[in-house]
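The model shown is predicted, which means the values in this text are computed figures rather than measured ones.
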Amino acid sequence: GDPDVFAGDATSFDAGDALSSADGDAGSSDAQGEPDTFVDYGPLCAAECADAGGACLDGGVCYFDCTADNDCTDAIKCPPNVPCLVACGYQSCSNTIDCTSSSACKVDCKGDLSCGNKIHCGGSGCGIDCSGYGACDDDITCDAGSCDIECDGGSSCTHPIACSGQKCTVGCLTYGACGDDVTCKAAQSCNVECPADTACAGKVTTTAAASHVCCTGFDACHGTVACSGGSCATYCKQNACNGGVDCTATTCDDAATCP
């Protein structure tokens, strides 16, 4: 299949991935829906990346290597119109990360207590991986065509998460992940997964044409689950969704199964 902008690690992300979304179909840069053609980001990356504080990888990806401990204390702003990769180690990336102008973006907050400030991304696709303990300790905003936000570090993503664009997936996968509101206003689809105990402690709001909210952890989805839009499928395991489910979508399914 098509390459995946969210797959792999820092060394595997290349410019070709920037033309694909999480499922391979939201990476088109043509508003009329024409197939993507190869784009050589190399010259543009060479002209802009170093001035922004990054280094160009093969294929023209602007790479911010913050994998050392306590690295990258200044704000990171990816240059426009090139794919961007930010990799953050222990307590690194303590200032804002802004890749709203990049063609596609991947932010790896794999170090414990990394990415302690706001993250905002755009482009055709954006992947944010908060796998370090306590990682992503501020607001996360994704306006990309396709957003994939994974909070799989313990007590990660403690502040509000908001995504729009066309498609959005938010995974709150470990104990205490997603400690505040999760709001998905993507046009096509919203998928919010809260399988861990006490995950998704705030309100979960979805407005997409098709939404799926899965709350299977003990005391997961503690706030209200509010669905509007076209269809909303929710699954609340026993002792989850203690704030109740408020579905005003055209079609509501409260007996959905989780993927």
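If you take SG on Cys49 and CZ on Phe64, they are separated by 5.5 Å, rounding to the nearest 0.5 Å. Distance SG/Cys62 to CG/Leu85: 9.0 Å, rounded to 0.5 Å. Here SG of Cys168 is found 8.5 Å from CG of Asn191. Values are rounded to the nearest 0.5 Å. Summarising the geometry, atom CD belonging to Glu48 is positioned 10.0 Å from atom OG belonging to Ser101; distances are rounded to the nearest 0.5 Å. Here Ile128 contributes atom CD1 and Cys147 contributes atom SG; the two are 7.5 Å apart, rounded to the nearest 0.5 Å. The distance from atom CG of Asp253 to atom OG of Ser211, rounded to the nearest 0.5 Å, is 12.5 Å.
Side-chain N or O atoms of Ser92 include one that pairs as donor or acceptor with a backbone N or O of Asn70 at under 3.5 Å. For the pair Thr248 (side chain) and Cys227 (backbone), a donor-acceptor distance under 3.5 Å is present. Listed for the Ser124 side chain is a donor-acceptor partner under 3.5 Å among the backbone atoms of Ser103. Judged purely by atom type and a 3.5 angstrom limit, Ser146 has no side-chain atom pairing as donor or acceptor with the backbone of Gly125. Not a single donor-acceptor pair under 3.5 Å links the side chain of Asp112 to the backbone N or O of Gly132. Counting only distance, with no hydrogens or angles, the side chain of Asn117 and the backbone of Ile119 share no donor-acceptor pair below 3.5 Å. Judged purely by atom type and a 3.5 angstrom limit, Thr198 uses its side chain to pair as donor or acceptor with the backbone of Gly176. Side chain of Asp98 to main chain of Thr100: a donor-acceptor pair is present (N/O by atom type, distance under 3.5 Å, no hydrogens or angles).
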Go through Cys172 and Cys178 one step at a time and tell me if the disulfide bond (SG atoms under 2.5 Å apart) criterion holds. CA-CA 6 Å; Cys172 305; Cys178 305; 2.0 Å; yes

Between Cys99 and Cys78, is the disulfide bond (SG atoms under 2.5 Å apart) condition met? List the steps. CA-CA 5 Å; Cys99 53; Cys78 295; 4.7 Å; no

Run the numbers on Tyr133 and Ser156 for side-chain contact (heavy atoms from CB on, under 4.5 Å), then give the verdict. CA-CA 6 Å; Tyr133 178 84; Ser156 59; over 6 Å; no

Stepwise side-chain contact (heavy atoms from CB on, under 4.5 Å) test for Thr73 and Asn95: CA-CA 6 Å; Thr73 56; Asn95 213 315; over 6 Å; no

Checking Cys84 against Val82 for the side-chain contact (heavy atoms from CB on, under 4.5 Å) test, could you report, in this order, the C-alpha distance in whole Å, the side-chain angles of both residues, the deciding distance, and whether it holds? CA-CA 6 Å; Cys84 185; Val82 296; 5.8 Å; no

Begin with the C-alpha distance, continue with both residues' side-chain angles, and end with the deciding distance and a verdict on disulfide bond (SG atoms under 2.5 Å apart) for Cys45 and Cys56. CA-CA 6 Å; Cys45 184; Cys56 291; 2.2 Å; yes

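The two residues Cys157 and Ile161 come nearest to each other via the heavy atoms CB-CD1, 4.0 Å. Pairing each heavy atom of Lys203 with each of Thr224, the nearest pair is CG-O, 3.2 Å. Listed here is the closest heavy atom pair of Ala208 and Cys190: CB-SG, 3.5 Å. Across all their heavy atoms, Val204 and Cys200 have their closest contact at CG2-CB, 4.3 Å. Between Val170 and Cys163, the shortest heavy-atom contact is CG2-SG, 4.3 Å. Between Ala52 and Lys77, the closest heavy-atom pair is CB-O, 3.7 Å.
A distance below 2.5 Å between sulfur gamma atoms is not met by Cys88 and Cys115. Taken as a pair, Cys221 and Cys215 meet the criterion of an SG-SG distance shorter than 2.5 angstrom.
Put simply, the side chain of Cys214 does not reach to within 4.5 Å of the side chain of Val192, judged on heavy atoms. Residues Val213 and Tyr235 have side chains not in contact (no heavy-atom distance under 4.5 Å, counting atoms from C-beta outward). Residues Val107 and Cys109 have side chains in contact (heavy-atom distance under 4.5 Å, counting atoms from C-beta outward). A 4.5 Å side-chain heavy-atom check between Pro160 and Ile140 finds every atom pair outside the cut-off. The shortest side-chain heavy-atom distance between Asp74 and Cys72 does not fall under the 4.5 Å cut-off. Proximity of Asp181 to Thr205: side-chain heavy atoms (C-beta onward) are nowhere separated by under 4.5 Å. Residues Ser231 and Thr250 are not in side-chain contact: their nearest non-hydrogen atoms beyond the backbone lie 4.5 Å or more apart. Put simply, the side chain of Thr169 does not reach to within 4.5 Å of the side chain of Ile149, judged on heavy atoms.
Residue His120 places its NE2 atom among more than 12 non-hydrogen atoms of other residues, nucleotides or ligands, all under 6.0 Å distant.
In this structure Lys118 satisfies the salt bridge (Lys or Arg N to Asp or Glu O under 4.0 Å) test together with Asp138, sequence neighbours excluded.
Side-chain contact annotation: Asp219 with Asn239, donor-acceptor N/O pair under 3.5 Å absent. Between the side chains of Thr158 and Asp137, at least one donor-acceptor pair of N or O atoms lies under 3.5 Å.
Cluster membership check: Val245 shares its hydrophobic cluster with Val182, using side-chain heavy-atom separations under 4.5 Å among Ile, Leu, Val, Met, Phe, Trp and Tyr.
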